Peer 1: 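Starting off with a structure, shown below.
Please read these numbers as outputs of a predicted model, since none were measured by experiment. All chains are named by letter (A, B, ...) in the order of the sequence lines, taking the proteins before the strands, and each is independently numbered beginning at 1.
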Amino acid sequence: MAKKKPTRTKPRRLKGFRDIDAGDVLARDRMVATIRKVYERYGYGPLETPALEYVDCLGKFLPEADQPDAGIFAFLDEDDVWVALRYDLTAPLSRYVAMNPDLPRPFRRYQVGPVYRVEKPGPGRFREFYQFDFDSVGTNAMLADAECCMVMCDALEALGIERGDYAVRLNDRKVLNGVLETIGGGKELDASIGQNVLRTIDKLDRVGIDGVKQLLGGGRKDESGDFKAGCQLSASQIEVVIGYLSAVGETRADLCDVLEKLVGASEVGREGVDELRQIDVALTGAGYCDDRVTIDPTVVRGLAYYTGPVFEGVLTFSVVDDAGVAREFGSVFGGGRYDDLVKRFTGQEVPATGASIGVDRLLAALKTLGKIDTSPTMAAVLVTRLDKTLNTEYQKMVAELRAADINAELYIGNQAIAKQFKYASDTGKTVGIVAGSDEMEAGEVSIKDLRLGVELSKEIGADRKQWLEQQPAQFTAKRGGLVESVKEVLGRYGV
RNA sequence: GCCGGUGUAGCUCAGUUGGUUAGAGCACCUGCCUGUGGAGCAGGGGGUCGCAGGUUCGAAUCUUGCCGCCGGUACCA
């Protein structure tokens with residue numbers, strides 16, 4: 001008879017979710033700390049809201065279907081009410097503002113945390129990911145939007161990304177809408193067609209200008225032979241859109257002049273251009289010129305809730321993708337003005353504007369640039385336990401080191417000394433301390449430079465015995481000089 | 001969601017036209033070496049061949065369905 005198999009639980013992880021190891025957590029914390037300082041320098045303060053919200057407050061409840069929108073993680077709570085994990089930090093912010101009408105306005109806050117979406121995971125794309133937002137609620141002044149652009153610039157520069165390696169690109173949804181009005185012949189274009197046109201413009205960087213032309217018209221067949229139906233615009237309408245997308249100007253102000261002509265008689269269009277002009281003036285006044293912030297008619301930023309200016313921070317240096325093609329790293333910041341978000345709670349217009357960092361993407365960028373420390377270990381010193389009857393003494397040693405603000409770990413496993421050194425090595429320690437009866441009698445400790453040791457070990461030949469006797473990376477110190485000696489070794493590596 | 005690829009040990013992969021007990025390298029563990037990380041040598045653990053069904057005397061291999069992963073596409077607050 002076959003042995004009965006124990007039923008074991010298979011370790012599994014939810015699709016699109018990640019375990020984040022020490023190096024990445026620490027790197028992310030360092031990055032977040034740097035950005036937080038920039039936000040605070042502008043006067044933004046922190047806010048935390050819960051990960052779970054009532055679905056209707058997130059604005060994703062479908063009353064007809066009597067259930068939440070697909071695309072969010074939702075469940076019925078114990079009272080049979082739909083509850084969901086937040087899918088961004090902006091919806092909770094508007095809920096918070098609506099619940100706290102006495103907040104001084106403009107209300108300015110930053111928030112960092114994980115958000116959740118039920119989407120197909122892809123490269124660099126997860127179902128749980130971090131966002132880091134800052135927003136100003138309660139002002140319709142374009143100064144606020146201009147400031148968002150400045151904050152993005154400052155944050156990227158604070159992270160060590162050099163001017164020229166990034167750009168903030170600015171546009172205005174009202175200008176986009178003005179163009180749609182124009183091709184509608186003065187009348188409002190059918191909403192779904194308008195959406196489709198915006199979606200198509202959003203694809204510009206992937207399908208190119210010719211692809212956009214095809215998608216605006218009859219449709220497009222891609223490399224795989226897949227056919228995608230187009231927006232069915234007329235040739236003259238397409239021309240207007242393409243003309244708009246190709247608009248250029250020497251400066252932001254020049255481009256505004258060009259855009260003004262393109263939107264023609266459209267009132268929203270003119271309004272949008274006027275907003276861009278105000279932002280330009282504010283930015284120029286603050287010294288943020290065209291080398292950092294440009295107006296880019298191709299920026300759409302999804303179909304979201306944006307009502308006015310939209311902007312994105314992109315990294316312009318190129319990276320080689322998996323296919324071996326060099327391409328721009330892409331967008332790491334995105335944001336814009338959303339004037340209608342609080343209204344659904346209070347009925348009052350509460351103008352707001354802000355931006356959000358894709359934390360994971362930006363972190364990936366910093367890693368490829370080598371601009372972030374990803375060293376995983378927190379510990380610097382391992383005190384080994386050669387002789388288990390000396391535990392008290394070992395504990396004194398780590399206590400002394402810790403009191404001197406040195407990260408010190410006492411080996412708490414049960415392995416022999418050889419394994420202890422391997423452990424020290426595997427966990428990235430810089431210094432190993434050994435003290436057996438020999439040392440104790442002499443009032444000494446042995447201190448080993450583990451990093452030097454690993455270098456020297458490369459030269460060991462067959463003569464292991466001699467190597468062991470000499471221990472060139474090791475020296476003895478007076479027991480009383482423990483802290484000082486450890487500091488000396490750590491100092492060699494700037495730890 | 002749709003299209004394509006793929007799934008064998010912790011990792012990277014072999015596994016010939018279906019045929020004994022499924023292999024290698026790396027990693028891991030033990031010993032040589034009970035006071036020192038590497039190398040070497042010797043040994044060891046670890047796989048219901050993604051899951052379920054079908055064909056067959058016999059399936060990792062052929063077949064169907066499902067799932068996961070990777071890539072593209074759609075969507076993207």
Peer 1: Under 4.0 Å, counting only non-hydrogen atoms across every strand here, what does A:L450 touch: a base, just sugar-phosphate, or nothing?
Peer 2: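 Contact class for A:L450: base.
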Peer 1: Has the side chain of A:K120 got a donor or acceptor that lies under 3.5 Å from a partner of the other kind on the base of B:G72?
Peer 2: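 In this structure, the two groups form a donor-acceptor pair.
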Peer 1: Report which part of the nucleic acid A:G302 touches: base, sugar-phosphate, or nothing (heavy-atom distance under 4.0 Å, all strands).
Peer 2: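 Sugar-phosphate contact only - A:G302 comes under 4.0 Å of backbone atoms but never of a base.
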Peer 1: Counting Watson-Crick and G-U wobble pairs only, both distances under 3.5 Å, name the nucleotide matched with B:G4, or none.
Peer 2: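 Looking at the geometry, B:G4 pairs with B:C70.
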Peer 1: Taking any heavy-atom pair under 4.0 Å as a contact, classify A:Q474: base, sugar-phosphate, or nothing.
Peer 2: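 Base, at least one base atom sits under 4.0 Å.
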Peer 1: Test for a donor-acceptor pair under 3.5 Å between the base of B:C76 and the side chain of A:R125, counting only N and O atoms.
Peer 2: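 Indeed, a donor on one side and an acceptor on the other fall under 3.5 Å apart.
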Peer 1: Does a distance-only test, which skips hydrogens and angles, find a donor-acceptor pair under 3.5 Å between the side chain of A:S457 and the base of B:G38?
Peer 2: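 Donor-acceptor pair under 3.5 Å: no.
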Peer 1: Hey, does the side-chain of A:E439 have a donor or acceptor N/O within less than 3.5 Å of a partner on the base of B:G35?
Peer 2: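 Yes.
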Peer 1: Does the base of B:G37 carry an N or O that pairs as donor and acceptor with the side chain of A:K419 under 3.5 Å?
Peer 2: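 Side chain to base: no pair present.
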Peer 1: What nucleic acid atoms does A:G432 come within less than 4.0 Å of, heavy atoms only: base, sugar-phosphate, or nothing?
Peer 2: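 A:G432: no heavy atom of the nucleic acid under 4.0 Å.
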Peer 1: When you check the phosphate oxygens OP1 and OP2 of B:G68, does a side-chain N or O of A:K15 lie under 4.0 Å from one of them?
Peer 2: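 Checking B:G68 against A:K15, a side-chain N or O does come within under 4.0 Å of OP1 or OP2.
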Peer 1: Does B:C75 have OP1 or OP2 sitting under 4.0 Å from an N or O in the side chain of A:K203?
Peer 2: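 Indeed, a polar side-chain atom of A:K203 lies that close.
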Peer 1: Please state the C1' separation for the pair B:U8 and B:A60 - nearest whole angstrom.
Peer 2: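 Straight-line distance between the two C1' atoms is 7 Å.
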Peer 1: I'd like the C1' distance from B:G23 over to B:G46, given in whole Å.
Peer 2: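 To the nearest whole Å, 14 Å.
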Peer 1: Which residue, A:P121 or A:R451, contacts RNA chain B at a nucleotide closer to its 5' end, judged by nearest heavy atom?
Peer 2: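 Upstream on the strand: A:R451.
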